[in-house]
Amino acid sequence: MSAAADYAADYLRRLDRDRYFATLLLTGPTRDALTALYAFNADVATIRDRAREPAAGEVRLQWWKDALEGEGHGAVRRNPLAEALLDAIARYGLPVPPLVRLLNARRFDLYDDPMPDVVSFEGYAGETSSVLFQLAAMILKKGQVVESGNAAGHLGVAQSLTGHLRAVGYYAAQGRIFLPWSVLSANGVEEKELFAGTMSEGLIEAIGQIEEMAATHLGKAEAAIGDMPRDLRPAFAPIAVVGTQLKRFRAESVFQQQADIADWRKIFLLFWWSLRRR
């Protein structure tokens, strides 16, 4: 493992433990490449938490865009995360445009506008989560283009819905709404009530509807993964953790921190799921 790959692994372990655990299913260069991809995503996904204002976040996103599209990577490679990602792109011929679209989608994170509707959420999830599954499958296929649209698309939406259901209280305290506002408002939920952490029958009903959406996408992802070549399935192993997190989610405690799965159990779920589908 190179110094850049080692740095990326440590960075990912600190910022996104779930995706870090998923990389443990692999070995060698494929693991390094997947780790670099996930570490890049972790850095971009947490820009809002580190930036003092949207303008600073925009600068960081632009830096990554320039790093991906620029011809001269000498200075960029002084950043170990960028070096690890560029190595993965070069080794496996990963396409740059999907990564640039991920950066563009993450601009939404920098501002406080609510997620408008289901279609907007699915588009956001596709650009920020589904794309990672698609590129992970490509890495496992040694750089060959893989048709993983249904599996990656549905799993990305399910993963994003589940994650944002579990984080409603966290985002509400910041005055932010990531779940589709059209579903919430259709059930009579008001922004001021959500930001104040006020429970209501309408909110519970809306959350239940969004849970059903997540479960539907999860089921479709499971079916699509079952039709894929066995050597690609490890790329989709996170479905085991997402499914368990969704089952454990409690709508009545939506403003409280949801109990998560222990790290050792997440690792077990990933390995057991992968073993059963070989």
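Here the structure is a predicted model, which is why all the values come from computation and not from measurement.
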With the side chain counted from C-beta on, respond yes when V183 and M213 share a heavy-atom pair under 4.5 Å apart, and no when they do not. yes

Is there side-chain contact between L218 and L161, with at least one heavy-atom pair below 4.5 Å? no

Would you call the rings of Y124 and F178 parallel, tilted or perpendicular, taking 30° and 60° as the class edges?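 Rings of Y124 and F178: tilted, as their planes differ by 30° to 60°.
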
Roughly how far, to the nearest 0.5 Å, is [atom2] of [Y] from [atom1] of [X]?
{"X": "E122", "Y": "S130", "atom1": "CD", "atom2": "OG", "result": "9.5 Å"}
{"X": "F249", "Y": "T162", "atom1": "CZ", "atom2": "OG1", "result": "9.0 Å"}
{"X": "L15", "Y": "T46", "atom1": "CG", "atom2": "OG1", "result": "4.5 Å"}
{"X": "D16", "Y": "F21", "atom1": "CG", "atom2": "CZ", "result": "10.0 Å"}

When you measure from the centre of the six-membered ring of Y171, is the NZ or CZ of R176 under 6.0 Å away and within 45° of the axis? no

Linking I/L/V/M/F/W/Y whenever their side-chain heavy atoms sit closer than 4.5 Å, directly or via other members, would L24 and W264 fall into one cluster?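 Different clusters: L24 never reaches W264 through Ile, Leu, Val, Met, Phe, Trp or Tyr contacts under 4.5 Å.
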
Spell out, yes or no, whether V59 and L99 are grouped together once hydrophobic residues are joined by side-chain heavy atoms under 4.5 Å, including indirect joins.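 No: no chain of side-chain contacts under 4.5 Å links V59 to L99.
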
Quick check on [X]: does its [atom1] atom have over 12 non-hydrogen neighbours (other residues, nucleotides or ligands) under 6.0 Å away?
{"X": "E252", "atom1": "CD", "answer": "yes"}
{"X": "R52", "atom1": "CZ", "answer": "no"}
{"X": "W272", "atom1": "CH2", "answer": "no"}

Side-chain ion pair, D260 and R265, N-O less than 4.0 Å: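 No salt bridge links D260 with R265.
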
Applying side-chain hydrogen bond (donor to acceptor under 3.5 Å, both in side chains) to T35 and D32, what does each step give before you reach the verdict? CA-CA 5 Å; T35 298; D32 290 348; 5.5 Å; no

